[in-house]
Amino acid sequence: MGRSLQNTMINLGIQGACDEAMYQLGLDIEELEELEEDAGLGNGGLGRLAACFLDSMATLGLAAYGYGIRYEYGIFAQKIKNGEQTEEPDDWLRFGNPWEKARPEYMLPVNFYGHVENTPQGKKWVNTQVVFAMPYDSPVPGYGNNVVNTLRLWSAKSPVEFNLKFFNDGDYIQAVIDRNIAENISRVLYPNDNFFEGKELRLKQEYFMCAATLQDIIRRFKSSKFGCRDPVRTSFDSFPDKVAIQLNDTHPSLAIPELMRILVDVEGLPWEKAWDITVRACAYTNHTVLPEALERWPTSMLDSILPRHLQIIYHINHLHLQEVQKKFPDDWERVKRMSLVEEEGEKRVNMAHLCIVGSHAVNGVAQIHSDIIKNDIFRDFYELSPEKFQNKTNGITPRRWLLLCNPSLADLIAEKIGEEWIVHLEQLQQLKQFAKDTNFQRAVQKVKQENKLKLAQLLQKEYGVKVNPASMFDIQVKRIHEYKRQLLNCLHIITLYNRIKRNPSANFTPRTVMIGGKAAPGYYTAKKIIKLICSVGNVVNNDPIVGDKLKVIFLENYRVTLAEKIMPAADLSEQISTAGTEASGTGNMKFMLNGALTIGTLDGANVEMAEEMGQDNIFIFGMTVDEVEKLKHHGYNAYDYYNSNPDIKQCVDQIQNGFFSPANPDEFRDVADILLKYDRFFLLADFDAYIKCQDRVGEIYQDQSKWVEMAIHNIASSGKFSSDRTIAEYARKIWGVEPTWEKLPAPHEPRDEEPVAK
Ligand SMILES: *Cc1c(COP(=O)(O)O)cnc(C)c1O
């Protein structure tokens, strides 16, 4: 979520009044805003997407709740020490959280362990251990429409009777101390992005959230006029018409067997009726096709922690496989591939398969990603039920990612086309007519230059680094992951460095290359990549021959609040994942909306960005998904590229032989090894195209009028990437509700630099 104060003032239309009021009290509101901690309760794009969706759902007047876990410790704070990442706990609640309100009246029990008994009334899950889920509500205001929705986060609370055995045994002190064990469930966020770590505590977290949320939903449904037509027995007939549950990846997939358990075991519905209700209520958004990210829980773990859910999953699977056999008789290979339960090695449940079978809609998050889902990883499921599969291209909220973070650009746009773009982002199209207008070009350039100066000052103050604000700000910020190819960016930096050293007097477009992002603490290679970037920076930044031409900066502790400062100051956005690996990306959209040009592959939403703005306004390079597939098929040999391209050879050799780590020549040997022997993401295959494309970027940057014209085209074409558009599509095509764009009088007042005291 990041910070809430400025966002709340903007959406309520009181930012100007608050600025003024604080000024009259002798306070600077921007200084106060800096005191708020980020709510860092997610890992990267997936969680931030949910935050943008909450803003859009409130703005479109949808009666929607966001549910999650109130982690006591969010994503770790990243500190760079001697060029290496270290992690510090994110104690974000230390000084309290003024935005949240505990709701003890809605506290709910969640069960774990125990066993299943057969009774005349059906299956009973008994002898369980109980943990309570305490809800904390935070307001989610819509933009200028007097709507406030709720983000409800669950915190684990030990029941009074927890560890009663020890109380009775007389060890009172130990029993009280051990109450922590239950409360550990919501202690800390697992810091992996796009990676499945099958830890028991993580499974408990996922079930904890699903169980509490479903009870909450059902309580609210029962208390509504739809749930209580029969005062003794609730009718769930209208449940799927009144409730839509959107699963954000498979992390809440246990909602499916949990809803079945409640309807069948607790409410006494027949299985068929419960299944119909469950499938019609649930929908699943897939966020990745990387095999290492797909959740596959061992049945042994499910059996111990959630024995009834495992039974239910087995029964769902039994009925599902019967359907598969009916449609594809005697295709046993297909039946095996489509099973929810994988039998090779340790027996596991494939949670994506469970989500597809248990949902009426399945969507990818960009067109290319939705196509890959249908044609590749979930092809069998598409062939079984093609009507389920949809696309919902991601978006970002223009409130936070333009109005809030880049007020000068917002004001400049408002001068030209008014303020309706804030809730109708497609209206930015009107800016196209000014793309060649030299006055407008100069104004856009001036805003960008001021934003760059501001970021430069921040870098100077926070990290003591000096950057040339006239240089191109070339930025890659996102989680550090091999598939995102920060290492390819690093190879480009090294290539530029070698070029300067070879021919110091040659024409060169000065660049400040910034790379930022957190590595999962257990991700060895990602941490090495950070270290390499810092080491290359040490060599490049301290070489007098290089001077002002090239600087390399690792941006420490990338998070929402830092993103808000970076996006407005970027000239070039790096979106260089191997085609077919980045489901959508949303960072790409933030840069585009703030007038940066993109260098990128035909991956994720980059494809649709290029469509919207035209190939002339974006720097596309590298293999397509089809070409990557062909390369995989024929076999990738990195040495082919290494031996035939002297620039590659020089870079890789320098990494290999300790050129960037003279104190420890072996430091980056394994990085070179990955590049040459174990690279799953084909960096060297795209190297040449990337360098050539970067050379075009450098050339065009020297023609500032051309550059800013392209930047205006980028801004003007970014309307599609509003999360309002995304949410309107979810509402109409999956949830069966109609969004409303009705507005109160426009609340946006331009924010003065110096409020004037009356
Ligand atoms: C937008 C955002 C992301 C997602 O960036 P991608 O480039 O799409 O991976 C990650 N982290 C933060 C803090 C963000 O704001």
Side-chain angles (χ1 to χ4, degrees), residues 1-3 7 37-56 74-78 90 92 189 191-195 248-249 287-290 293 364-366 368-369 393-402 404-406 474-486 488-489 514-520 526 555-570 572-578 581-594 596 598-601 603-609 681 718 721-723 726:
M1 296 296 288
R3 289 176 177 156
N7 183 248
E37 296 268 351
D38 274 37
L41 304 181
N43 267 300
L46 182 147
R48 182 56 236 177
L49 181 75
C52 286
F53 283 2
L54 288 178
D55 183 87
S56 287
I75 183 77
F76 63 86
Q78 179 192 55
D90 167 40
W92 72 296
L189 170 76
N192 301 314
D193 183 65
N194 277 298
F195 185 78
N248 194 19
D249 211 319
H287 286 272
T288 180
V289 299
L290 293 180
V365 290
I368 191 174
H369 167 61
T393 300
N394 280 168
I396 55 171
T397 169
R399 273 73 67 184
R400 184 177 292 263
W401 296 114
L402 181 50
L404 180 155
C405 73
N406 200 344
D474 169 347
I475 307 184
Q476 184 176 25
V477 281
K478 48 183 76 253
R479 289 296 296 260
I480 310 292
H481 205 297
E482 284 163 283
Y483 85 83
K484 292 175 184 276
R485 300 202 294 193
Q486 282 91 357
L488 182 59
N489 189 345
M514 301 176 220
I515 301 177
K518 291 172 183 175
L555 297 166
E556 189 178 76
N557 203 26
Y558 179 58
R559 62 200 187 284
V560 169
T561 294
L562 189 54
E564 289 166 7
K565 293 165 182 170
I566 289 167
M567 300 301 162
L572 185 66
S573 159
E574 299 266 356
Q575 308 297 336
I576 59 176
S577 52
T578 312
T581 63
E582 187 76 273
S584 161
T586 49
N588 46 4
M589 301 166 188
K590 299 168 198 166
F591 281 104
M592 180 187 183
L593 182 59
N594 284 278
T598 298
I599 182 165
T601 48
D603 199 18
N606 298 353
V607 177
E608 288 155 81
M609 285 165 50
F681 301 104
S718 58
F721 306 103
S722 168
S723 47
T726 313

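Reckoned from all heavy atoms, side chains included, excluding hydrogens, waters and symmetry mates. Numbering of ligands and ligand atoms starts at 1, following listing order.
Partners of N394 under the side-chain contact (heavy atoms from CB on, under 4.5 Å) rule, at least two apart in sequence or in another chain, are L49, F53, V365, S584, T586, M589. With sequence neighbours left out, the salt bridge (Lys or Arg N to Asp or Glu O under 4.0 Å) criterion links R48 to no other residue. In this structure, E556 has no side-chain hydrogen bond (donor to acceptor under 3.5 Å, both in side chains) partners at least two apart in sequence or on a different chain.
K518 and N43 form no side-chain donor-acceptor contact under 3.5 Å, judged by distance and modelled atom types alone.
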List, pair by pair, the atoms of ligand 1 and of the protein that are both N or O and lie under 3.5 Å apart, giving the separation rounded to 0.1 Å.
unit_1   : atom_1 : unit_2 : atom_2 : d
ligand 1 : 7 (O)  : K478   : NZ     : 2.7
ligand 1 : 8 (O)  : T586   : N      : 2.8
ligand 1 : 8 (O)  : G587   : N      : 3.0
ligand 1 : 9 (O)  : K484   : NZ     : 2.9
ligand 1 : 15 (O) : K590   : NZ     : 2.6

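Counting only distance, with no hydrogens or angles, the side chain of S577 and the backbone of K484 share no donor-acceptor pair below 3.5 Å.
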Subject >> salt bridge (Lys or Arg N to Asp or Glu O under 4.0 Å) between D55 and R400, worked out >> reply: CA-CA 9 Å; D55 183 87; R400 184 177 292 263; over 6 Å; no
